[in-house]
Amino acid sequence: DLRTPISNIYSLLELVINGDFNENELNDVFKELQINTFTSLQLLENLLNWARLQKDNLTVFKEKIELSELIENIFNLNKVSSKEKNITLISNIPKDKYVFFDKNMLMTVLRNLIGNSIKFTNKSGIISINLSENDKFDIIAVIDNGIGISPDKLDKLFILNETILEKGTNGEIGTGLGLILCKEFIERNGGTISVESSSNIGTKFIFTLPKN
């Protein structure tokens with residue numbers, strides 16, 4: 001999985017060094033470089049986190065987090081890939097809404113869920129982040145109107161040995177570790193994660209954040 005984006009980066013750099021481009025062509029090459037670099041970083045981050053989990057080197061450190069600001073940061077990280085597919089990212093999280101979670105783990109969860117939604121949503125799609133709550137939990141939903149997940153695959157999404165590797169709507173790739181990490185990090189913080197999906201209609205990932 002890492003070989004593909006890194007090979008693309010190498011090939012694109014060779015083109016820049018040896019090619020004769022006009023400004024518009026160079027902009028296209030640099031966009032491709034940015035996308036492939038970002039993809040490589042995401043894959044590496046998931047692999048490193050997975051390695052730490054296997055060695056049990058991750059300690060949960062819960063803190064007070066301003067949720068809308070964190071989501072805005074994740075949106076900014078995904079600006080290039082979402083713009084490339086003309087996907088609209090919408091946060092319905094009110095300002096000054098605070099949650100209690102390990103910040104690095106929550107960033108990993110949101111980065112993977114939002115990244116997956118972008119990956120499996122067609123051009124001009126919409127992805128929204130919604131919030132609800134009860135007495136014990138804040139409940140976050142990441143909703144897209146993408147290609148969805150078939151019923152026979154839903155139960156296998158969070159099982160490592162059953163990991164299903166599928167390319168996104170633009171041929172995007174992944175390690176299959178993202179959702180495994182999401183489940184592990186959420187459960188270590190006392191929450192749960194579930195998914196609802198229909199083929200060609202969209203997908204909703206729902207996870208809970210304990211209030212204390």
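Scored by the side-chain hydrogen bond (donor to acceptor under 3.5 Å, both in side chains) test, Ser197 finds Thr203 as partners (sequence neighbours excluded). Listed by chain and residue number, nothing satisfies the salt bridge (charged side-chain N to carboxylate O under 4.0 Å, His left out) test with Lys62 (two or more places apart in sequence, or in another chain). In terms of the side-chain contact (heavy atoms from CB on, under 4.5 Å) criterion, residue partners of Ser198 (sequence neighbours excluded) are, by chain and number, Ile201. With sequence neighbours excluded, the residues that form a side-chain contact (heavy atoms from CB on, under 4.5 Å) with Ile90 are Thr88, Asn92, Ile126, Ser128. Applying the side-chain hydrogen bond (donor to acceptor under 3.5 Å, both in side chains) rule to Asp144 yields the partners Ser117; only residues at least two apart in sequence or on another chain are considered. Ser124 is linked by a side-chain hydrogen bond (donor to acceptor under 3.5 Å, both in side chains) to Asn86, counting only residues two or more places apart in sequence or in another chain. Considering only residues two or more places apart in sequence or on other chains, Glu66 meets the side-chain hydrogen bond (donor to acceptor under 3.5 Å, both in side chains) condition with Ser68. With sequence neighbours excluded, no residue forms a side-chain contact (heavy atoms from CB on, under 4.5 Å) with Asp155. Applying the side-chain contact (heavy atoms from CB on, under 4.5 Å) test to Ser82 and every residue at least two apart in sequence or in another chain returns Ile87, Leu89, Ile118.
Although no hydrogens or angles enter the test, the distance criterion places no donor-acceptor pair under 3.5 Å between the side chain of Asn78 and the main chain of Ser81. With hydrogens and angles disregarded, no donor-acceptor distance shorter than 3.5 Å links the side chain of Lys183 to the backbone of Gly178. Side-chain atoms of Lys204 do not come within 3.5 Å of backbone N or O of Ala141 as any donor-acceptor pair.
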Go through the steps to decide whether Ile65 and Leu106 satisfy the test side chain to side chain contact (heavy atoms under 4.5 Å, CB included), and finish with yes or no.
CA-CA 9 Å; Ile65 304 166; Leu106 183 55; 4.0 Å; yes

Quick one, Ile129 with Phe75, criterion side chain to side chain contact (heavy atoms under 4.5 Å, CB included). Give me CA distance, side-chain angles, the key distance, then yes/no.
CA-CA 11 Å; Ile129 317 295; Phe75 281 181; 3.8 Å; yes

Worked check of side chain to side chain contact (heavy atoms under 4.5 Å, CB included) between Val195 and Ile206:
CA-CA 6 Å; Val195 57; Ile206 306 156; over 6 Å; no

Using side chain to side chain contact (heavy atoms under 4.5 Å, CB included), reason through Tyr98 and Leu67 one step at a time and then give a plain yes or no.
CA-CA 6 Å; Tyr98 290 89; Leu67 186 59; over 6 Å; no

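Nearest heavy atom pair, residue Gly190 against residue Pro210, reads O-CG, 3.3 Å.
Rounding to the nearest 0.5 angstrom, the gap separating the CZ atom in Phe100 from the NZ atom in Lys64 is 5.5 Å. Atoms CD and CG, from Glu184 and Leu179 in turn, are 13.0 Å apart once rounded to the nearest 0.5 Å. If you take CZ on Phe205 and CD1 on Ile114, they are separated by 12.5 Å, rounding to the nearest 0.5 Å. Taking CG from Leu113 and CG from Leu110, the interatomic distance works out to 6.5 Å, rounded to the nearest 0.5 Å. Here the OG1-CD1 distance, from Thr108 to Ile186, works out to 10.5 Å after rounding to the nearest 0.5 Å. Atoms CD1 and CD, on Ile93 and Glu72 in that order, are 11.5 Å from each other to the nearest 0.5 Å.
Between the side chains of Thr208 and Thr192, at least one donor-acceptor pair of N or O atoms lies under 3.5 Å.
In the displayed structure, Lys211 atom NZ is contacted under 6.0 Å by more than 12 heavy atoms of other residues, nucleotides or ligands. For Met105, the CE atom sits in a packed shell: over 12 heavy atoms of surrounding residues, nucleotides or ligands are nearer than 6.0 Å.
Under a hydrophobic-cluster definition in which Ile, Leu, Val, Met, Phe, Trp and Tyr are linked whenever side-chain heavy atoms come within less than 4.5 Å, directly or via other members, Val109 and Ile139 are assigned to different clusters. Phe61 is not connected to Phe185 by any chain of hydrophobic side-chain contacts under 4.5 Å among Ile, Leu, Val, Met, Phe, Trp and Tyr, and they are in different clusters. Neither Val99 nor Phe137 shares a network with the other; the hydrophobic side chains, linked directly or stepwise wherever heavy atoms of I, L, V, M, F, W or Y lie under 4.5 Å apart, form separate groups for each.
Put simply, the side chain of Asn76 reaches to within 4.5 Å of the side chain of Lys79, judged on heavy atoms. Looking only at side-chain heavy atoms (C-beta outward), Ile140 and Asn130 stay at 4.5 Å or farther from each other. For the pair Leu131/Pro94, a side-chain contact is recorded, criterion being any heavy-atom separation below 4.5 Å from C-beta on.
Residue pairs satisfying the salt bridge (charged side-chain N to carboxylate O under 4.0 Å, His left out) criterion with at least one member in residues 86-104, sequence neighbours excluded, are listed as follows: Lys97-Glu133, Lys97-Asp138.
Ile143 forms part of no hydrophobic cluster, judged by ILVMFWY side-chain heavy-atom separations under 4.5 Å.
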